[in-house]
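This report concerns only the one structure given below.
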Amino acid sequence: MPEGHTIHRLALDHVRDLARQPLQVSSPQGRAVETARVLDGRAFAKVDAYGKHLLYRFEDELTLHVHLGLFGKFRRQASPPEPPVGEKRLRMVGDRWTVDLSGAVACALIEPDEEEALLARLGPDPLRRDADPERFVAALRRRSIPIGAAIMDQKVIAGIGNVFRAEALHVDGIDPLLPARELGDERARVLWRTMAKMLADGVRERRIVTIRDARDKPVTAGRAPKGEGPRTRADRVRHKTVHVYRRRDCHDCGGPVETYPMAGRTVYTCPACQPAGSAGPSPTPALADGPAPTLDLG
DNA sequence: AGGGTATGGTAAT
DNA sequence: TTACCCTACCCTC
């Protein structure tokens with residue numbers, strides 16, 4: 001389940017469960033034995049999350065870098081733990097909780113220069129307070145690749161994966177094939193806010209939640225006063241389900257979901273809600289203005 | 001038992 | 001663009 005929200009949630013959970021106490025660290029699978037040996041008996045003070053990367057700040061300036069990749073998983077159990085089952089790359093045992101890591105792409109100590117290079121490869125992460133949305137806007141302006149490929153590029157925006165790509169573009173009514181630079185700055189800012197909100201909700205609720213602004217939906221009951229357009233609802237609709245990702249039919253309109261490969265992954269899009277060439281409806285001032293949303297990750 | 005699939009990313013072609 | 005890596009789970013045979 002690893003997109004940005006999962007990674008930030010893990011950082012919070014691991015600080016809560018394991019920080020500031022000496023940990024028993026081992027590598028049952030045997031692929032990170034040296035890393036485990038160095039960290040064994042040490043404590044970490046905090047965990048920094050950048051996009052899909054985790055950085056555990058251990059004593060003595062030691063940093064453990066973890067990237068889950070597609071298959072990586074953390075599992076938690078009460079201490080003392082059961083004997084490891086399966087391919088456990090790293091086991092961290094604290095006084096109350098034990099966390100096992102399996103399937104990760106990266107699980108190793110990194111030096112400051114390597115970390116610098118890593119962070120240089122990442123664009124702004126909407127879940128971080130220090131994120132600058134204008135870097136995202138500027139990056140889109142520079143790219144002729146489809147918007148659906150651009151937001152999967154971690155250098156453009158860090159933390160978005162295939163689910164959020166499908167869902168965010170759908171919520172904003174954007175055709176994934178639209179060239180990134182044709183989105184326009186205002187709509188790019190709206191898209192940033194959509195993704196920031198979805199990611200933040202995902203951290204809080206431990207799952208992907210989409211929130212659709214229903215303002216453009218005509219009110220079915222009642223009649224519009226003469227001379228005025230149809231009345232619209234201003235309420236926001238929360239969906240604890242995806243709208244298009246891995247669905248056959250669109251959750252909003254019921255029409256068939258279209259799929260095709262883009263940037264090495266399958267795109268899911270609703271041609272009715274996201275017509276060809278669409279950059280989405282004009283942003284309303286309420287959505288386009290104001291400071292970028294932030295999340296207190298205290 | 002074996003195959004297909006998955007929310008990711010890199011390196012080679 | 002493709003090949004390949006990492007692991008678990010679910011389906012079919």
Side-chain angles (χ1 to χ4, degrees), chain A residues 1-11 27-33 35-36 49-55 64-77 82 84-91 99-108 110 114-115 117-123 125-127 144-146 148-171 176-177 194-195 198-210 239-248 251 257 259-269:
Chain A
M1 313 177 151
E3 291 191 32
H5 67 304
T6 304
I7 304 309
H8 283 261
R9 169 43 61 191
L10 285 166
S27 180
Q29 176 198 52
R31 294 184 53 156
V33 176
T35 299
Y50 290 87
K52 298 169 186 169
H53 297 262
L54 288 164
L55 299 171
L64 172 67
H65 171 224
V66 172
H67 185 98
L68 294 180
L70 189 50
F71 313 121
K73 274 183 178 58
F74 277 105
R75 284 189 170 79
R76 190 184 76 151
Q77 63 179 301
E82 297 291 316
V85 179
E87 303 291 297
K88 299 289 176 257
R89 182 76 51 87
L90 200 73
R91 166 167 276 188
V99 163
D100 287 334
L101 170 65
S102 67
V105 166
C107 172
I110 59 168
E114 295 173 302
E115 178 179 333
L118 169 68
L119 298 184
R121 292 202 305 271
L122 298 177
D125 174 354
L127 287 173
S144 55
I145 58 172
I151 61 175
M152 288 285 275
D153 182 346
Q154 302 300 299
K155 177 106 193 171
V156 171
I157 178 170
I160 296 300
N162 206 23
V163 180
F164 280 126
R165 159 170 81 172
E167 296 301 306
L169 293 180
H170 180 265
V171 167
L177 287 168
T194 296
M195 293 188 288
M198 289 178 69
L199 284 162
D201 287 345
V203 174
R204 201 178 311 111
E205 309 211 12
R206 298 170 185 266
R207 61 187 297 181
I208 289 174
V209 178
T210 56
H239 292 295
K240 297 221 171 189
T241 179
V242 290
H243 289 77
V244 288
Y245 177 73
R246 294 251 281 168
R247 288 183 62 105
R248 193 193 59 169
H251 182 259
V257 169
T259 64
Y260 49 88
M262 181 190 291
R265 325 295 299 279
T266 303
V267 163
Y268 300 83
T269 180

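When reading the values below, keep in mind they use all heavy atoms of this one structure, side chains included, and skip hydrogens, waters and symmetry mates. Throughout, a chain's letter reflects where its sequence line sits, starting with A, and its residues are numbered from 1.
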Expressed as a whole number of Å, how far does the P atom of dT2(C) sit from that of dT5(B)?
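Rounded to whole Å, the distance is 16 Å.
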
What interatomic distance, in whole Å, is found between P of dT10(B) and the corresponding atom of dA8(C)?
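Going atom to atom, P in each nucleotide, I get 22 Å.
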
Taking [atom1] from [X] and [atom2] from [N], how many angstroms apart are they, rounded to a whole number?
X: M262(A); N: dG8(B); atom1: CE; atom2: C1'; result: 17 Å
X: L54(A); N: dG9(B); atom1: CG; atom2: P; result: 12 Å
X: R121(A); N: dG8(B); atom1: CZ; atom2: P; result: 16 Å
X: M195(A); N: dT7(B); atom1: CE; atom2: C1'; result: 16 Å
X: H8(A); N: dT7(B); atom1: NE2; atom2: C1'; result: 15 Å
X: R247(A); N: dT7(B); atom1: CZ; atom2: P; result: 16 Å
X: K73(A); N: dT7(B); atom1: NZ; atom2: P; result: 11 Å

Going by atom types only, do H5(A) and D201(A) share a side-chain donor-acceptor pair under 3.5 Å?
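No - no donor-acceptor pair under 3.5 Å links their side chains.
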
With no hydrogens and no angle check, do the side chains of H65(A) and E115(A) hold a donor and an acceptor under 3.5 Å apart?
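No, because no side-chain N or O of H65(A) sits under 3.5 Å from a partner of the opposite role on E115(A).
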
DNA chain C in dot-bracket form (Watson-Crick or G-U pairs under 3.5 Å, [ ] crossing, | inter-strand) is |||||.||||||.

Along DNA chain C, 5' to 3', what are the outermost nucleotides having an atom less than 4.0 Å from a heavy atom of chain A?
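First and last nucleotides in contact are dC6(C) to dC9(C).
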
Does the Q77(A) side chain pair with the main chain of E82(A), one donor and one acceptor, at a distance under 3.5 Å?
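Looks like yes, one N/O pair under 3.5 Å.
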
Treating R89(A) as the side-chain partner and A104(A) as the backbone partner, does any N or O pair qualify as donor plus acceptor under 3.5 Å?
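Yes: the side chain of R89(A) pairs with the backbone of A104(A).
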
Please list, for nucleotides 4-6 of chain B, all pairs of protein and nucleotide N/O atoms separated by less than 3.5 Å.
from	atom 1	to	atom 2	distance (Å)
dA6(B)	OP1	R246(A)	NH1	3.2
dA6(B)	O3'	Y245(A)	OH	3.2

Answer yes or no: does a side-chain N or O of H67(A) lie under 4.0 Å from OP1 or OP2 of dG8(B)?
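No, H67(A) has no side-chain N/O under 4.0 Å of OP1/OP2 on dG8(B).
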
Quick check on dG9(B): is either OP1 or OP2 less than 4.0 Å from any side-chain nitrogen or oxygen of Q154(A)?
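Yes.
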
M195(A): partners by side chain to side chain contact (heavy atoms under 4.5 Å, CB included), with sequence neighbours left out:
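Testing M195(A) for side chain to side chain contact (heavy atoms under 4.5 Å, CB included), a comparison that skips the adjacent residues, returns F136(A), I151(A), I157(A), I160(A), A168(A), L191(A).
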
A166(A): partners by side chain to side chain contact (heavy atoms under 4.5 Å, CB included), with sequence neighbours left out
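In terms of side chain to side chain contact (heavy atoms under 4.5 Å, CB included), with neighbours along the sequence ignored, A166(A) is linked to V244(A), Y245(A), Y268(A).
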
Using a 4.5 Å cut-off on heavy atoms from C-beta on, say whether the side chain of T35(A) contacts that of S27(A).
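No, too far: nothing below the 4.5 Å cut-off.
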
What residue pairs, at least two apart or across chains, pass side chain to side chain donor-acceptor pair (under 3.5 Å) with a residue in residues 151-161 of chain A?
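Found R143(A)-D153(A).
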
Between K88(A) and D100(A), is there a side-chain N and carboxylate O pair less than 4.0 Å apart?
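Here K88(A) does not pair with D100(A) in a salt bridge, since their nearest N and O are not under 4.0 Å apart.
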
